[in-house]
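Encoded as structure tokens, the structure appears first; notes follow it.
Just so we're on the same page: letters track the sequence lines, and every chain starts at 1.
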Protein chains: 2
Amino acid sequence: MAATSHPPLAPLPEHQPPMGLRERKKLKTRSAIRRATYGLIAEQGYEATTIEQIAEAAEVSPSTVFRYFPTKEDIVLTDDYDPVMAAVLRSRPVDEPPLESLRFVLDQATRSMMTTDHDEVIQRTRLMVDVPAVRARMTESMSSTATLLTDVLVERTGRDADDFEVRIFVAAVLGVLRETSLYWGEHGSQDDLPALIHRALDSLAAGLRL
Amino acid sequence: MAATSHPPLAPLPEHQPPMGLRERKKLKTRSAIRRATYGLIAEQGYEATTIEQIAEAAEVSPSTVFRYFPTKEDIVLTDDYDPVMAAVLRSRPVDEPPLESLRFVLDQATRSMMTTDHDEVIQRTRLMVDVPAVRARMTESMSSTATLLTDVLVERTGRDADDFEVRIFVAAVLGVLRETSLYWGEHGSQDDLPALIHRALDSLAAGLRL
DNA sequence: TGTCAAGTGACAGTAACTCTCAAAAGAGAG
DNA sequence: CTCTCTTTTGAGAGTTACTGTCACTTGACA
């Protein structure tokens, strides 16, 4: 059982303020596309929304949309928390049981997401539940999260890179995280998400004795 | 630790022999498309192989290919084992711990697959490792396996349909199964797959203590 | 202010699907 | 065996996500 109180870690490791006009414009375009997409999807649904419409609404060309996001699904997803999670995991005491370390990481990450991007998280989860393509892409993107976390755990446990047990460990935790999100979304995103995650991890810690 | 010896269950619950010419032709077309696809992929790779080529090689029209398989990825995948697994799970003693029941089911299923479709399993796993789209579709198809197994477990444990712990349980096991397959494939499909699965389930049973 | 690099838009092309409709072919009755 | 009914097939037209190229524009920096 974790869920300790801590400085509510920033969602992004901020780049230093002095950012050229170019960079700033890029960020703006990026979020313009995102906003336009979320708006159109809310009105018409995911499939009915075409890249062309998104481009028009965001006042850029379709080419530009593809330059910013490799696939349509990626527009509604984020990997932003991956590096933060890796960092937090690294910051945990080395003798803490790995499952508890991950519990802390996930608790922090979800709380942070829910406080800073509450509505977006809900809408994204809804899409994950409703749209197979989005769900699939989300799962794939979890694979890269998995790789990242595996690397950190390998380094912390002194095991072989590509150690089977570590990979199984991470796969179980992330698989369970995915299912928890789906469950939460299917039930109207009303339950306490961090609490659900803790229950799921408790199940894992107890060896899945049903 | 399971892996008991048992009658090597048939891969498919055979439909009664008296099958009309129509049905037989459909099966033939289906496997013609499959074979053609595997052949072309072996020669040229997955992405380079188009539906049009597959159709030509299988001597059907592109329309027909789409009628038999909803997506290109589905051509190289199978859900055939799902109903068998559900049946085997149902046949286990009710007082057996669920994790052990699933261990038995997975052990049987993989052994059966490896003996009856050895080469195809290997090629499919290779595709799963190499081609993100195939991997994604495979993961999605595991979702429906999950639903099936969840239903059976719910009925065996007398829990609520859609019980959170049962869903977590199945998600963990299937997530771990997926990772085991990937690991196996990445390492040349040379290890003993059932043995790896047992190791993975041992990890789960031990509460993922690394 | 002028030069260079980075970002953008227009355009053409590919391939996976979807839909519709008419032709072909198996099933079953007489 | 043949006529009818139903299922399956192929042909064709259309949509959309995505790729690659190239000329143009617009920040960066001296």
Side-chain angles (χ1 to χ4, degrees), chain A residues 15-34 36-37 40-41 43-77 127 131-138 140-141, chain B residues 15-34 36-37 40-41 43-77 127 131-138 140-141:
Chain A
H15 279 309
Q16 299 338 316
M19 212 190 324
L21 169 56
R22 223 162 204 166
E23 307 284 318
R24 258 178 292 141
K25 222 174 174 181
K26 263 164 77 168
L27 284 190
K28 260 178 70 176
T29 304
R30 206 179 161 78
S31 70
I33 296 174
R34 273 235 165 81
T37 305
L40 287 169
I41 288 179
E43 282 174 28
Q44 331 170 326
Y46 182 83
E47 348 255 10
T49 302
T50 73
I51 297 283
E52 211 172 334
Q53 294 173 336
I54 293 172
E56 193 176 354
E59 300 184 285
V60 294
S61 75
S63 325
T64 298
V65 175
F66 285 117
R67 237 175 241 117
Y68 279 80
F69 301 95
T71 74
K72 188 178 159 189
E73 291 81 45
D74 283 293
I75 305 179
V76 298
L77 298 180
L127 285 174
V131 185
V134 172
R135 185 169 55 243
R137 194 82 176 107
M138 163 77 84
E140 265 301 295
S141 110
Chain B
H15 279 310
Q16 302 337 318
M19 213 190 321
L21 169 56
R22 225 163 204 166
E23 306 285 315
R24 258 177 293 140
K25 221 173 174 183
K26 262 164 83 168
L27 284 189
K28 262 178 70 177
T29 304
R30 204 180 163 77
S31 71
I33 295 175
R34 272 234 167 82
T37 305
L40 286 169
I41 289 179
E43 281 174 28
Q44 331 171 328
Y46 182 83
E47 347 256 9
T49 302
T50 73
I51 297 283
E52 212 171 334
Q53 294 173 335
I54 293 172
E56 194 176 355
E59 298 184 287
V60 294
S61 75
S63 327
T64 298
V65 175
F66 285 117
R67 235 175 244 120
Y68 279 78
F69 301 96
T71 75
K72 189 178 159 189
E73 290 81 43
D74 283 294
I75 304 180
V76 298
L77 299 179
L127 284 174
V131 185
V134 172
R135 186 168 55 243
R137 194 80 177 109
M138 163 77 86
E140 266 298 297
S141 108

d([atom1], [X]; [atom2], [N]) in whole Å:
X       : N      : atom1 : atom2 : value
B/Arg30 : D/dT8  : CZ    : C1'   : 15 Å
A/Glu59 : C/dG7  : CD    : C1'   : 17 Å
B/Lys26 : C/dA25 : NZ    : C1'   : 14 Å
B/Asp74 : C/dA16 : CG    : C1'   : 13 Å

By side-chain contact (heavy atoms from CB on, under 4.5 Å), which residues pair with [X], not counting sequence neighbours?
X        : value
A/Ser31  : A/Arg35
B/Arg22  : none
B/Glu23  : B/Met19
A/Ser141 : A/Asp79

Open item on the list: Counting only side-chain nitrogens and oxygens, does A/Tyr68 get under 4.0 Å of the OP1 or OP2 atom of C/dT8?
Closed with: yes
Task: B/Ser61 side-chain N/O to D/dA11 phosphate OP1/OP2 under 4.0 Å - done: no
- [ ] Return the 5'-most residue of the pair A/Val60, B/Phe69 with respect to DNA chain C, ranking by each residue's nearest nucleotide.
- [x] A/Val60
TODO: Compute both the distance and the angle, then confirm whether B/Lys72 meets the cation-pi test with B/Tyr46: under 6.0 Å from the six-membered ring centre, within 45 degrees of the axis.
DONE: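 Output yes; distance and angle both within limits.
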May I have the list of side-chain donor-acceptor pairs in residues 48-57 of chain A shorter than 3.5 Å, sequence neighbours left out?
from: A/Thr49; atom 1: OG1; to: A/Gln44; atom 2: OE1; distance (Å): 3.2
from: A/Thr49; atom 1: OG1; to: A/Gly45; atom 2: O; distance (Å): 2.7
from: A/Thr50; atom 1: OG1; to: A/Glu52; atom 2: N; distance (Å): 3.4
from: A/Thr50; atom 1: OG1; to: A/Gln53; atom 2: N; distance (Å): 3.2
from: A/Gln53; atom 1: OE1; to: A/Thr50; atom 2: N; distance (Å): 3.0

TODO: Using a 4.0 Å cut-off on protein heavy atoms (strictly under), produce a 5'-to-3' string for nucleotides 17-28 of chain D with B for base contact, S for backbone-only sugar-phosphate contact, and - for none.
DONE: SBB------BBS
